[in-house]
Amino acid sequence: RDKHGRCIDAVIEHANRSWREDFGYLDRDPRGVHIKDTVPVYADRIGFIFQVAESGEPFRYVRAMPGDDSRWFDYQMMPYGDKVIIFSHEVTREYRLEFAVRESEERLRAALEHSPDVVALFRPAYDAQGHFADVEITYLNRAALEQWCAGAPLEEVRGRRLFEVNPASRAVYHDIYRGVSETAREFHEIIEITGPGGETIWMDVRVTMFLGGIALTARDVSEIKRGEQALKNSLEELQKAQRDLRRTKEQLEATLNALPDIVFRLDHEGHIIDAHAASVFSFFRPPSEFLGKTMEEVVPPAAASVIRDGLRKAEEHTLFRGGVYSLPMPEGETWYEISIAKIDNRPLQEHQFIMLVRDITERRNFEARLLDRQQELAEAQQTAHVGSWKWRPADDMLQCSDEFFRIFGQEPAASTVAGQSLQDYFTTASRKILQDGMKASRESGEPLRANAELVLASGEHRYVLVHGELKSREPEE
């Protein structure tokens, strides 16, 4: 994010093997990769990632793999703290089945001028980048002229672009023409359009490639459709409910399998109803030994106390995050962080809890090592009498080490201070040397090295060597 909190880029923090295999990262680590620069599949849709990060709302869409229209993926983006988790699930098979249903065994044979059906021939038109934009009218029969051109003669519209002549047709036909033009596959489907009087009309539409152009026939099947619709409504609603249920179940299973967390479902008294983990070895005890029991009966008292406190807070506030405890696992002491959400269970009239348990052992070990390194650095600086600093010109703030303050004759205070408050310690000549040196360093990018004289509050004079390197050419950084 920039200083205003707006998203400007995204960096990969973790990618599983399936992702690395699809995008060529099996032999290299994708962590730290900037999406804008190196991941083409996301570069043109990074705005979706920003949208999820800034709104905090999940986002989902389906697109083909760039450069490979034979593979389609269902992308789901979910916010998680200051990160965005992206799940991609290949749905090529579902798309192929859908296209197979829509494709017709019949082919367009002829276009008749006086047919009651709409008959048209077009040539695809592309924009400057080579993307499909419109279709250029080659031929329209009388029915097509009446539907799209208000009955104007063919001579007046031949050679013109259809969506310019009839802008309303773009919403119905743009994606159809584009798909046929790019894949050379025939389109055959019954679609709904709005008639001149606002009524719904069902059209049996066929679109196919024809002698380098696009041929279309469309027949009004509204009467047939209305008769079929009454018979099909019940069956379609049942089939849709079954598909939605199956899809939801598959998505939930895929999401749970992709999560590194252990997931528990508990009743309102804290009994474990269900549990899920990527591996049974992630559990403290086998599921057969803890299902139906409370956490007090499963884990040590200290861990159970943290979990019970989290359940009480989730009971009161609906959501709880941040409880931390450890368990003695075979591989050693393992640390966990929990998040608990209270959910309603209307059929039973009793609420339940969902608890996510994440292994944070590696993070805690890293934090401990980092604190050790920071302490070692501070001790080394004090021994060498060398202080470090970082200056942000935008707000004139200096981030300083403890030894830096000692060099100025001060006791270590806040790690960040105003640069002006320290400039007064330098002699007039030294201030000019440093100001000129920093200006030259920012313009040339070369490191700053300068000798300067300090006058401490006690009146003592000290002579210091100042060394600095430019970290960013952006004025605000």
Side-chain angles (χ1 to χ4, degrees), residues 1-9 11 13 31-32 34 81-83 321-322 324 335 337 360-477:
R1 299 178 182 268
D2 60 16
K3 72 170 188 176
H4 302 293
R6 295 175 300 215
C7 294
I8 58 175
D9 202 352
V11 178
E13 182 172 283
R31 290 177 297 181
H34 287 253
D82 62 344
K83 303 173 179 62
R321 291 194 183 99
V324 175
W335 287 87
E337 182 178 64
I360 60 169
T361 306
E362 185 176 348
R363 188 182 79 191
R364 283 182 66 93
N365 292 341
F366 173 79
E367 290 172 349
R369 291 194 300 270
L370 181 60
L371 288 175
D372 289 342
R373 297 297 180 272
Q374 290 174 340
Q375 182 61 33
E376 291 171 1
L377 175 60
E379 293 173 355
Q381 287 191 350
Q382 186 172 5
T383 302
H385 209 41
V386 173
S388 60
W389 55 277
K390 182 184 293 184
W391 177 50
R392 294 196 307 267
D395 54 9
D396 190 34
M397 295 303 293
L398 278 168
Q399 185 176 344
C400 313
S401 68
D402 290 350
E403 188 60 22
F404 185 90
F405 285 104
R406 296 188 185 100
I407 291 173
F408 279 77
Q410 299 181 15
E411 287 300 317
S415 61
T416 303
V417 297
Q420 182 62 43
S421 66
L422 297 178
Q423 287 186 27
D424 296 338
Y425 284 87
F426 290 99
T427 64
T428 302
S430 293
R431 278 201 300 271
K432 187 174 188 314
I433 290 172
L434 291 175
Q435 289 168 354
D436 292 344
M438 287 184 176
K439 179 180 179 182
S441 177
R442 293 174 67 185
E443 292 174 352
S444 66
E446 295 296 323
L448 162 69
R449 291 183 66 87
N451 291 305
E453 181 181 0
L454 298 174
V455 181
L456 306 188
S458 65
E460 176 188 351
H461 286 248
R462 286 185 178 177
Y463 297 88
V464 295
L465 172 62
V466 181
H467 175 79
E469 292 184 2
L470 186 67
K471 292 300 182 183
S472 171
R473 288 185 177 276
E474 295 299 326
E476 295 180 353
E477 300 178 8

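Not measured: the values here are computed from a predicted model.
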Item checked: Which residues share a side-chain hydrogen bond (donor to acceptor under 3.5 Å, both in side chains) with Lys432, sequence neighbours left out ->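 Lys432 satisfies side-chain hydrogen bond (donor to acceptor under 3.5 Å, both in side chains) with Asp436 once adjacent residues are dropped.
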Shortest non-hydrogen contact from [X] toward [Y]:
| X | Y | result |
| --- | --- | --- |
| Pro447 | His467 | CB-CE1, 4.0 Å |
| Leu470 | Gly445 | CD2-CA, 4.0 Å |
| Ile407 | Leu456 | O-CD2, 3.8 Å |
| Gly387 | Ser401 | CA-OG, 3.6 Å |
| Ala452 | Val466 | CB-CG2, 4.4 Å |

Margin query: Can you confirm whether Gln375 sits close enough to Asp372 that some side-chain heavy atom of one is under 4.5 Å from a side-chain heavy atom of the other?
Written below: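 Not touching, per the 4.5 Å side-chain cut-off.
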Check: Taking C-beta and beyond as the side chain, do Arg1 and Cys7 meet within less than 4.5 Å on heavy atoms?
Finding: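 Yes, close enough: below the 4.5 Å cut-off.
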Note to self: Which residues pass the side-chain contact (heavy atoms from CB on, under 4.5 Å) test with Glu453, not counting sequence neighbours?
What the structure shows: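 side-chain contact (heavy atoms from CB on, under 4.5 Å) list for Glu453, sorted by chain: Thr427, Ser430, His461, Tyr463.
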Checklist line | Test side-chain contact (heavy atoms from CB on, under 4.5 Å) applied to Arg31 - qualifying residues, sequence neighbours left out | finding: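 Applying side-chain contact (heavy atoms from CB on, under 4.5 Å) to Arg31 gives Asp29.
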Check: At what distance, to the nearest 0.5 angstrom, does CZ of Arg406 lie from SG of Cys400?
Finding: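 Atom-to-atom, Arg406:CZ and Cys400:SG are 12.5 Å apart.
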Checklist line | Value rounded to 0.5 Å, distance of CZ in Arg442 from CG in Leu448 | finding: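 One finds 12.0 Å between CZ of Arg442 and CG of Leu448.
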Next item on the list: Enumerate the residue pairs fulfilling salt bridge (Lys or Arg N to Asp or Glu O under 4.0 Å) with a member in residues 455-465, sequence neighbours excluded, ordered by first and then second residue.
Entry: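 The answer is Glu460-Arg462.
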Note to self: Within the supplied structure, the quantity of interest is the number of heavy atoms (other residues, nucleotides, ligands) at a distance under 6.0 Å from Arg449 CZ; does it exceed 12?
What the structure shows: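 Incorrect, the count does not exceed 12.
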Next item on the list: Name all residues meeting the ring pair (Phe, Tyr, Trp, His ring centres under 6.0 Å) criterion together with Phe408; count only those two or more places apart in sequence or in a different chain, and write none if there are none.
Entry: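 Phe404, Tyr425, Phe426.
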What donor-acceptor contacts under 3.5 angstrom involve side-chain atoms of residues 363-371, with partners at least two apart or in another chain?
unit_1: Arg363; atom_1: NH2; unit_2: Glu337; atom_2: OE2; d: 3.4
unit_1: Asn365; atom_1: ND2; unit_2: Thr361; atom_2: O; d: 3.3

